[in-house]
Structures are given as structure tokens and as C-alpha cells.
Asks: 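Below you'll find the structure I mean.
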Amino acid sequence: MLVQRVVLNSRPGNNGVPVPAHFRLEETTLAPDLEDGEVLVRTLCLSVDPYMRCRMNEDTGVGYVTPWQLSECVDGGGVGVVESSRCSACSEGDVVTSFNWPWQTKAVMKGSALQKVDPQVVDGHLSYFLGAVGITGLTALLGVREKGNVTKGANQTMVVSGAAGACGSVAGQIGRLDGCVRAVGICGSEEKCRALVDDCGFSAAINYRKEDIPAKLQELCPDGIDVYFDNVGGGISDTVIAQMNNNSHVILCGQISQYNKDVPYPPPLSEEIQETLRRNNITRERFTVLNYMNKADAALCELSQLVKSGHINVLETVVEGIEKMGDAFCSMMKGGNIGKQIIKISE
């Protein structure tokens with residue numbers, strides 16, 4: 001059986017900006033017979049995410065993520081349907097997902113590596129299993145709950161950077177639902193600002209490409225900033241931290257502005273910002289969702305209910321075709337997506 005797949009063609013280097021040519025589309029053949037425990041799956045949709053940039057390097061810099069290998073199939077979050085099975089846990093027609101789904105139109109996978117999911121949980125929007133009702137939603141909800149110290153009635157203000165991305169757009173909504181009186185998003189276009197306010201219920205949004213961030217933060221956060229959900233790092237985060245209140249909290253989720261640079265994760269802060277953190281007793285702890293998977297089932301159930309009830313609105317950017325994987329990844333790294341970047345592979 002001939003299938004299409006995407007392999008890593010070359011590495012951008014630790015200080016390189018990824019381009020579509022770093023990926024290569026090719027055909028490969030799947031063996032016709034399954035072995036015990038294996039299933040044949042047809043890929044429905046795939047996800048590209050910022051953390052994948054470190055997987056393009058020879059060393060990812062973190063112990064829980066492995067690098068992609070040259071000329072081998074790339075993998076990430078995926079959803080598909082079982083076409084045939086020799087695994088007792090999977091039946092033909094089951095919808096399944098995995099965090100390590102190969103970028104192939106069809107694939108033979110170990111049934112034990114797949115998680116069966118119920119389409120009714122997402123009202124048939126299967127791509128949501130890769131976003132708001134998947135690892136991205138878990139990161140947003142558990143990040144806010146575990147590191148944000150949001151308290152109802154405490155008149156707290158939350159700021160989210162990378163706010164129009166898959167994680168940030170959900171995190172701001174969780175902050176509002178959990179009791180923040182203001183959620184201010186920082187993003188990179190007027191269209192994204194409108195989506196955050198009109199679709200996601202943010203109090204306001206700042207276009208960092210066009211607006212004076214320090215002045216806008218002072219205007220929109222008159223009582224200072226109590227919770228900062230940090231997806232980007234760099235100068236934007238330094239600006240936010242400079243306006244945070246005493247005893248406030250930084251949720252260190254991502255540092256996308258630094259991922260093309262050869263720096264450790266999390267990247268080092270300037271002496272001035274470190275002193276601001278110390279002086280104002282601001283907590284800034286790295287958040288890794290994989291450390292909280294014991295809470296995943298209950299959190300996913302809650303996310304499903306919030307999405308189905310309309311309390312969380314899901315933003316997505318969808319492109320079609322496995323040949324678009326490299327384009328979609330590079331666009332996402334430059335902020336070309338609103339919400340989760342999804343690639344639809346088949347019906």
C-alpha cells in the first residue's frame with residue numbers, strides 16, 4: 001500500500017529560522033499484513049505546535065522530548081480512524097489519537113500507543129482532541145490552576161502573551177471563568193485582537209507590532225498585573241513583569257520568541273528582571289503539563305463540558321493536505337495562525 005509521509009529533510013541549526021524546505025514529502029509502502037497488537041489507521045488531522053521547533057535540532061535541550069531524525073518520518077499530535085486491527089483494544093472504525101502520530105496519510109501503529117476517543121465529547125469536532133480538549137487545553141487549564149493562584153473575588157488581572165495561539169486563547173478564557181476580573185491578551189495583528197475580544201471574551205487585546213506595550217498595559221491594567229501566562233518570553237515578557245504586582249505569579253508555559261536561538265530552556269533573564277522578581281516576590285515557575293497527567297482525565301472532562309456549553313470558544317486555523325505540513329509549521333512559528341493550527345489530511 002502506497003502512502004505519503006513527511007520526513008525531516010534538513011535541520012535549521014540552533015539559530016536558524018525553519019522554512020518549508022526543511023521538510024520533504026515522499027511516498028512509502030506499508031506492509032499489507034499486520035502483526036499481533038498492530039492497527040492500520042487513516043490519518044484525519046495533524047497538529048503543529050511551537051515545541052516542535054526544538055525537535056528540529058540535534059539536541060532538544062529537554063529530557064522529555066526527543067529530536068526528529070533526518071530522513072525519518074516526523075511525528076506529533078494526530079487523530080485518525082482504525083481501518084483494520086489485530087489489537088484487542090482497537091476495533092475497525094474506532095477514532096483514536098496519539099501525541100506521537102506519524103505525519104503520514106496512513107500508518108501501522110501499535111494499538112497500545114493509541115488512545116480511543118469518543119467523538120461525542122467534542123460534538124464531532126475531532127480536531128479539538130488536538131487542541132482545546134487535548135494536550136493544549138490541558139496546558140492552559142492546569143497551568144492556570146496549578147501556577148496562577150487565581151482567586152474568585154480578589155479583583156485579579158491576568159495578562160496572556162501569545163494570546164491568540166492555541167494555548168493562550170484558552171488560558172485567558174479559563175482565567176476569566178476562574179475569577180479574574182480582567183484578561184488582557186498580547187498578540188500580533190488587529191484580526192487576532194478582534195478574535196480575542198469578540199470570540200474569546202478577553203477584556204482587551206494589545207497588538208505588539210503596532211502599539212506601545214508598556215503604555216497600553218498601564219491603561220488596560222490600572223490595578224497592575226496579578227497573573228501572567230507567558231507563552232513568548234523575550235522583551236514582551238520583560239515588559240509585563242515590570243508592571244506586575246507584589247506577590248503575583250508568572251506561569252512560564254512557553255518562550256516561542258526564543259526557540260530559534262541557541263539558548264537553554266527556559267532562557268536566562270536579565271539581572272534587572274531577576275531583581276524585579278525578587279523585589280516584588282513574584283513567583284516564576286516553569287510549567288510542564290506532563291508532570292500533571294494524574295489530573296488529566298478530570299481536566300479533559302471539564303474542558304469538554306466548557307466547550308460543549310459554549311463557555312470556552314475554540315479558535316482554529318485549518319489547512320488541507322499533507323503536502324501543506326511544512327508550510328503550516330513555518331506559518332505557525334511566525335504567528336500566521338489564529339488559535340490551533342490544524343492540518344486536515346482526510347475525511
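For the numbers below, each heavy atom of this structure counts, side chains included, while hydrogens, waters and symmetry mates do not. If you read the sequence from its start, that first residue is 1, and numbering goes on from there. None of these values were measured; they are calculated from a predicted model.
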Asks: Keeping Thr136 on the side-chain end and Cys167 on the backbone end, is there a donor-acceptor pair under 3.5 Å?
Replies: no

Asks: Would you confirm whether Glu316, through its side chain, and Gly339, through its main-chain N or O, come within 3.5 Å as a donor-acceptor pair?
Replies: no

Asks: What pair of heavy atoms forms the shortest contact from Ala166 to Ser169, and how long is it?
Replies: O-OG, 3.4 Å

Asks: Fit a plane to each ring of Tyr51 and Phe99, take the angle between them on a 0 to 90° scale, and name the class: parallel (under 30°), tilted (30 to 60°) or perpendicular (over 60°).
Replies: parallel

Asks: Does any part of the side chain of Leu306, heavy atoms only, come nearer than 4.5 Å to the side chain of Gln173, both counted from C-beta?
Replies: no

Asks: Is it true that Asn246 and Asn281 share a donor-acceptor pair across their side chains at a distance under 3.5 Å?
Replies: no

Asks: Of all heavy-atom pairs between Gly188 and Asn207, which one has the smallest distance, and what is that distance?
Replies: C-OD1, 3.4 Å

Asks: Measuring from atom CD of Glu275 to atom OG of Ser270, what distance do you get when rounded to the nearest 0.5 angstrom?
Replies: 10.5 Å

Asks: Please answer whether the main-chain N or O of Lys344 pairs with a side-chain N or O of Glu320 as donor and acceptor at a distance below 3.5 Å.
Replies: no

Asks: Determine whether a donor-acceptor pair (N or O, by modelled atom type, separation under 3.5 Å) exists between the side chain of Lys152 and the backbone of Leu177.
Replies: yes

Asks: Would you compute the distance between atom OG of Ser127 and atom CG of Leu46 and round it to the nearest 0.5 angstrom?
Replies: 11.5 Å

Asks: Taking NZ, NE, NH1 and NH2 as the nitrogens, is one of them in Arg86 or Asp33 under 4.0 Å from a carboxylate oxygen of the other?
Replies: no

Asks: Could you tell me the separation between the CZ atom of Arg53 and the CE atom of Met56, rounded to the nearest 0.5 Å?
Replies: 6.0 Å

Asks: Report the relative orientation of the aromatic rings in Trp68 and Phe23; use parallel for angles under 30°, tilted for 30 to 60°, perpendicular for over 60°.
Replies: perpendicular

Asks: Could you give the distance from CD (Glu27) to CZ (Arg5), rounded to the nearest 0.5 Å?
Replies: 11.5 Å

Asks: Are the side chain of Asp230 and the backbone N or O of Val232 linked by a donor-acceptor pair below 3.5 Å?
Replies: yes

Asks: Got Arg284 and Leu269 here, is their nearest side-chain heavy-atom distance under 4.5 Å?
Replies: yes

Asks: Within the structure provided, determine whether Val227 and Val150 are in side-chain contact (heavy-atom separation under 4.5 Å).
Replies: yes

Asks: Enter the distance from Glu38:CD to Met109:CE here, rounded to the nearest 0.5 Å.
Replies: 11.0 Å

Asks: Check Lys340 with Asp49, please: is the shortest side-chain N to carboxylate O separation under 4.0 Å?
Replies: yes

Asks: So, Tyr208 and Ser161: side-chain donor and acceptor under 3.5 Å apart, yes or no?
Replies: no

Asks: Are side-chain heavy atoms of Met332 and Pro50 found at a separation under 4.5 Å?
Replies: yes

Asks: With a cut-off of 6.0 Å (strictly less than), are more than 12 heavy atoms of other residues, nucleotides or ligands near NZ of Lys295?
Replies: no

Asks: How about Thr60 and Thr66: do any of their side-chain heavy atoms sit closer than 4.5 Å?
Replies: no

Asks: One thing to verify: whether Arg194 and Glu191 come together as a salt bridge, which I'm taking to mean a side-chain N less than 4.0 angstrom from a carboxylate O.
Replies: no

Asks: Which heavy atom of Tyr228 sits nearest to which heavy atom of Ser237, and what is that distance?
Replies: OH-OG, 2.6 Å

Asks: Are the charged groups of Asp223 and Arg182 less than 4.0 angstrom apart, N to O?
Replies: yes

Asks: Roughly how far apart are Leu25 CG and Ile322 CD1, rounded to 0.5 Å?
Replies: 6.5 Å

Asks: If you count heavy atoms of other groups shown closer than 6.0 angstrom to CD of Glu323, is the number above 12?
Replies: yes

Asks: Strictly distance-based, threshold 3.5 Å: is any side-chain N or O of Glu146 a donor or acceptor partner for the main-chain N or O of Phe287?
Replies: no

Asks: Given 3.5 Å as the limit, does a donor-acceptor pair link the side chain of Asp327 with the main chain of Lys324, or not?
Replies: no

